[in-house]
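The figures here come from the full heavy-atom set of this structure, side chains too, leaving out hydrogens, waters and symmetry mates. This one's a predicted model, so the numbers in the text were calculated from it and none came from an experiment.
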2 protein chains.
Amino acid sequence: MSTDKAIEKADATARETAKEKVNTHDRIIEAAIKLFSEKGFNGTTTKEIAETAEVNEALIFRHFSTKRDLYGAIIEKKISEEPGIELSLEAHRDSKDDRLVFTAIASRMFEKCGRDPSFMRLLHFSALEGHDLSDMFFDTYVEYINMLISDYIDTRIKDGEFKKLNPLYSSKAFIGMVVNQIIVQELFGEKKKNKTDYKELTETFVEIFLEGIKSGKP
Amino acid sequence: MSTDKAIEKADATARETAKEKVNTHDRIIEAAIKLFSEKGFNGTTTKEIAETAEVNEALIFRHFSTKRDLYGAIIEKKISEEPGIELSLEAHRDSKDDRLVFTAIASRMFEKCGRDPSFMRLLHFSALEGHDLSDMFFDTYVEYINMLISDYIDTRIKDGEFKKLNPLYSSKAFIGMVVNQIIVQELFGEKKKNKTDYKELTETFVEIFLEGIKSGKP
DNA sequence: AGGCTGTAAGTAATTACTTACTTACAAATT
DNA sequence: AATTTGTAAGTAAGTAATTACTTACAGCCT
């Protein structure tokens with residue numbers, strides 16, 4: 001009985017702590033991600049972060065010695081936890097079903113960025129504001145993805161299926177279509193009447209790209 | 001003589017004013033364009049602007065009642081003075097030489113943004129930071145260009161030369177390739193060893209796009 | 001007792017913006 | 001021609017608010 005009660009109480013406390021307070025550290029990070037991605041580094045104040053996280057402002061500086069430190073921590077976190085695009089490529093690479101491969105890549109990118117726009121916004125803010133980690137951000141995503149895809153394209157050229165175009169530039173063509181749509185959507189808020197049909201858009205992109213790059217011997 | 005001298009003197013004064021001081025108004029705007037495009041609205045201080053323009057800080061507020069007013073003024077200036085892409089389309093539209101048309105569009109965009117990166121950066125900062133004029137920026141460029149190109153594509157579909165794909169989505173495909181390259185180059189500073197060959201890149205983009213969109217009846 | 005978590009109050013610096021005043025110069029008036 | 005007036009350009013000094021960051025202290029848990 002008494003043990004039961006004790007456990008109940010402990011549970012309740014734990015639940016409270018977990019619900020209302022969670023981890024102070026995490027709540028700060030969560031709030032910071034929200035605000036930095038919405039308004040950038042210079043547009044966000046530590047007071048605001050504290051209010052959003054419902055945490056005393058001084059606590060921020062116990063967890064992160066500097067506002068810039070906190071910003072860096074966020075970027076590193078985002079870099080580490082994003083699963084990346086490689087899965088959708090690897091999943092279908094061996095099938096050599098090009099339409100499947102490129103459709104999967106585009107779908108994945110649209111879906112991921114639609115679900116978490118903060119990532120794209122953080123990436124852009126860090127680049128514009130010239131944060132130190134911006135380069136790592138860039139290398140991890142832009143260059144890495146281009147490398148993966150241009151490798152795949154290279155393979156397909158050697159298979160005789162794709163034209164002998166520069167694989168990197170070809171990769172840039174496809175990634176550009178997808179990424180620019182994401183940017184227009186998430187950064188510029190292309191809302192208005194234009195309710196984009198992402199299924200049709202993806203099909204159009206893949207159709208144009210594949211028909212444009214495949215070698216002309218049926 | 002005396003009138004000559006007076007004129008000379010007036011001229012000299014005018015020249016001095018025009019050379020060393022130019023127009024105070026213009027010097028402020030010039031400095032603001034530089035700084036806002038480099039560091040964004042929140043990252044730029046009025047003191048800095050004054051120092052860069054070599055003008056007393058108080059003068060900024062005689063010309064623009066508010067820092068935000070100044071920001072709005074430079075965005076409006078940039079919107080009004082950019083010549084736009086339509087010229088390169090109209091110049092070749094009637095030729096119906098698709099390769100010429102799309103090569104001209106891409107070349108023009110690369111060249112324009114390479115010559116004045118501040119435009120792209122301002123556009124992105126204003127979008128991210130949510131400036132009021134960001135929408136106008138967007139409508140004037142992104143939507144307008146997409147409209148022009150999708151109109152052209154529509155024509156070519158009716159000519160039986162292009163596939164019956166959604167013209168807007170097809171336009172987005174081509175613009176996406178080009179714009180994303182510009183962004184990667186100018187915002188993320190893709191410098192490193194990747195010295196992009198813009199001639200080859202443009203050819204690759206146009207080749208993929210045109211072969212991808214043209215109807216398959218030779 | 002001592003090490004966490006939390007907080008209220010404060011600090012020095014910086015911010016956008018103002019004030020009160022001077023100078024320069026041309027048009028209007030005498 | 002000389003003097004007044006009007007107007008814009010310029011400046012040094014200041015303001016009130018906000019900024020990132022600190023300190024000193026209080027409870028709490030083991």
Side-chain angles (χ1 to χ4, degrees), chain A residues 6-7 9-14 16-32 35-36 38-74 129 131-132, chain B residues 1-3 5-32 35-36 38-74 129 131-132:
Chain A
I7 287 170
K9 203 175 176 181
D11 257 36
T13 313
E16 262 175 30
T17 316
K19 192 166 285 175
E20 285 205 294
K21 293 264 133 185
V22 196
N23 192 349
T24 304
H25 186 92
D26 293 349
R27 307 185 66 208
I28 293 170
I29 286 204
E30 220 177 304
L35 293 170
F36 282 142
E38 278 171 8
K39 330 208 280 177
F41 181 78
N42 290 312
T44 304
T45 68
T46 52
K47 191 183 166 197
E48 245 180 323
I49 295 171
E51 279 164 7
T52 305
E54 289 176 280
V55 147
N56 188 286
E57 195 183 349
L59 283 181
I60 294 176
F61 295 98
R62 265 235 257 294
H63 288 269
F64 308 92
S65 62
T66 252
K67 184 189 173 190
R68 197 146 254 274
D69 258 32
L70 170 58
Y71 192 55
I74 279 179
E129 290 179 328
H131 192 273
D132 313 331
Chain B
M1 290 282 197
S2 69
T3 49
K5 259 187 188 169
I7 287 171
E8 243 177 61
K9 204 175 177 182
D11 257 37
T13 313
R15 233 179 291 122
E16 260 175 29
T17 316
K19 191 166 287 174
E20 283 205 296
K21 295 265 131 186
V22 195
N23 193 348
T24 304
H25 185 92
D26 292 348
R27 308 184 65 209
I28 293 170
I29 286 204
E30 219 177 305
L35 293 170
F36 282 143
E38 277 171 8
K39 331 209 278 177
F41 180 77
N42 290 312
T44 304
T45 68
T46 51
K47 193 182 164 198
E48 247 179 323
I49 295 171
E51 279 165 5
T52 306
E54 289 176 279
V55 148
N56 188 286
E57 195 183 349
L59 282 181
I60 294 176
F61 296 97
R62 263 236 258 295
H63 288 269
F64 309 92
S65 62
T66 252
K67 184 189 172 189
R68 197 146 253 274
D69 258 30
L70 170 58
Y71 192 55
I74 76 174
E129 291 178 329
H131 192 272
D132 313 330

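- Side chain of A/Thr52 to main chain of A/Ala31: no donor-acceptor pair is present (N/O by atom type, distance under 3.5 Å, no hydrogens or angles).
- Close placement of the B/His131 and B/Tyr71 rings is indicated, their centers lying within 6.0 Å of each other.
- A heavy-atom distance below 4.5 Å is found between the side chains of A/Lys39 and A/Glu48.
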| Reading 5' to 3' through nucleotides 24-30 of chain D, protein heavy-atom contacts under 4.0 Å coded B for base, S for sugar-phosphate only, - for none | -------
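- Remark: P of D/dT19 and CZ of A/Phe61 are 12 Å apart, rounded to the nearest angstrom.
- When rounded to the nearest whole Å, the span between CD1 of A/Ile60 and P of C/dA8 equals 14 Å.
- For B/Thr46, a side-chain nitrogen or oxygen approaches OP1 or OP2 of C/dA16 to under 4.0 Å.
- Atom CD in A/Glu54 sits roughly 17 Å away from atom C1' in C/dT5 (whole-Å rounding).
- Atom CZ of A/Arg68 is separated from atom P of D/dT19 by 17 Å (rounded to the nearest Å).
- Of the two residues contacting DNA chain D, namely A/Thr66 and B/Leu59, the nearest-nucleotide position lying further toward the 5' end is that of B/Leu59.
- Side-chain contact between B/Thr45 and B/Lys67: absent, with no pair of heavy atoms (C-beta onward) separated by less than 4.5 Å.
- B/Asp69 places its CG atom 14 Å from the P atom of C/dA16, with the value rounded to the nearest Å.
- For D/dG10, the OP1/OP2 oxygens have a side-chain nitrogen or oxygen of B/Thr24 closer than 4.0 Å.
- Whole-Å rounding puts the B/Glu48 CD to C/dA13 C1' distance at 15 Å.
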| Yes or no on side-chain contact (heavy atoms from CB on, under 4.5 Å) for B/Phe61 and B/Thr46, after CA distance, side-chain angles and deciding distance? | CA-CA 9 Å; B/Phe61 296 97; B/Thr46 51; 3.7 Å; yes
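- The CD-P distance, from B/Glu57 to D/dA9, rounds to 18 Å in whole Å.
- A distance of 12.5 Å separates NE2 of A/His25 from CG of A/Leu59, quoted to the nearest 0.5 Å.
- Between the side chain of B/Glu129 and the backbone N or O of B/Phe41 there is at least one donor-acceptor pair closer than 3.5 Å.
- A/Leu70 has its CG atom 16 Å from the C1' atom of D/dT19, to the nearest Å.
- Among the nucleotides D/dA12, D/dC21, C/dT15, the one closest to any side-chain atom of B/Thr45 is C/dT15.
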